Amino acid sequence: MSDEKNRKETTTRDSLAERRGVETHVYQPAEDSGLLAKAAVEHAHGRTLEVGTGSGWVAAKVAAETDADVVASDLNPHACEQAKARADELQAERKDGFDVVRADLFSPFVDGAFDTVLFNPPYLPTDPDNEWSDWMEVALSGGESGRELIDPFVDDVGRVLADGGQALLLVSSLSGYDEVVERAEDQGFDVDVVAEESYPFETLSILRLRL
Amino acid sequence: MKESLMDILCDPLDKSDLELEVDERDDDEILEGRLIGTETGEVYPIEDGIPNLLPPDMRDD
């Protein structure tokens with residue numbers, strides 16, 4: 001690898017680390033997690049899946065503060081372990097735990113399984129020449145567009161939603177708000193915004209998708 | 001995982017049913033065992049209460 005490439009890669013990584021905290025394997029709760037949790041506690045009902053749960057913080061809030069029956073999934077084995085530890089703790093404290101499944105998006109879930117699906121996706125647009133290939137990148141990077149994980153979520157979530165089901169999806173202005181809304185509408189969803197907050201670098205919105 | 005999770009799980013390869021085999025449980029929590037695709041025969045391990053339902057080509061750790 002050239003020195004120049006190496007330096008660019010380091011710069012990208014450090015700036016992301018600075019903005020997002022310095023855990024190396026598992027994304028830890030931040031402003032986006034807080035906003036999704038707030039919306040989910042207000043709106044989640046029935047059997048609820050959190051995709052890409054990371055540390056399991058949002059799933060635990062929903063399990064503890066609503067009547068929803070929560071399942072959390074992640075691709076990252078370290079995330080699954082952290083989420084499971086959190087679930088076991090909650091179960092021991094107040095009999096309000098949740099299940100953790102290692103999965104790639106919706107692939108091991110049956111059609112119509114969920115009344116609510118939650119997702120705080122990896123959404124930071126990333127230069128493909130500057131990828132660094134570790135679990136933190138998987139947790140943060142949304143590819144060149146920022147929508148590499150959002151697009152398959154929007155395309156496939158309808159399959160696992162029950163009648164009257166809903167998806168709550170966090171979208172950042174950094175990854176293109178209009179493009180996500182348009183894609184969801186093309187998939188036949190009614191889209192509304194149930195929470196929104198602005199920060200110096202981005203505006204975060206929670207979109208509710210209903211068929 | 002709780003046994004009730006079986007209601008919503010399927011084989012990630014072809015969405016067919018899974019069969020549960022339990023080695024160790026603690027009350028209604030299944031700690032160790034496996035899920036087996038009834039059509040594909042693929043084995044998905046359950047370790048420390050976490051079923052690993054990644055398709056085999058993604059299970060590289």
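Throughout, protein chains are lettered first and strands after them, A, B, ... in sequence-line order, and every chain is numbered starting at 1. Since the structure is predicted, the reported quantities are computational estimates derived from the model, not experimental observations.
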Within residues 33-43 of chain B, the residues sitting under 4.5 Å from chain A by heavy atom, in sequence order, are none
Applying a criterion of heavy atom separation less than 4.5 Å, what residues of residues 9-21 of chain B form contacts with chain A? Leu9(B), Cys10(B), Asp11(B), Pro12(B), Lys15(B)
In terms of heavy-atom pairs under 4.5 Å with chain B, which of Asp111(A), Asp69(A), Val100(A), Val160(A) leads? Val100(A)
So for atom [atom1], which belongs to [X], do other residues, nucleotides or ligands contribute more than 12 heavy atoms lying within a distance under 6.0 Å?
X         : atom1 : result
Asp67(A)  : CG    : no
Glu144(A) : CD    : no
Asp7(B)   : CG    : yes

Which atoms form the tightest heavy-atom contact between [X] and [Y], and what is the distance?
X        : Y         : result
Cys80(A) : Ile50(B)  : O-CD1, 3.6 Å
Asp99(A) : Lys2(B)   : OD1-N, 3.0 Å
Ile8(B)  : Ala113(A) : CG2-CB, 3.6 Å

Side chain, backbone, both or neither of Val71(A) within contact of chain B (heavy atoms, under 4.5 Å): side chain
Assess whether side-chain contact (heavy atoms from CB on, under 4.5 Å) is satisfied between Met58(B) and Leu75(A), documenting all intermediate values. CA-CA 9 Å; Met58(B) 293 181 74; Leu75(A) 188 63; 3.5 Å; yes
Any chance you could measure Ile46(B), atom CD1, to Arg102(A), atom CZ, to the nearest 0.5 Å? 14.5 Å
In terms of side-chain geometry, is the basic nitrogen of Glu29(B) or Lys84(A) positioned less than 4.0 Å from the acidic oxygen of its partner? yes
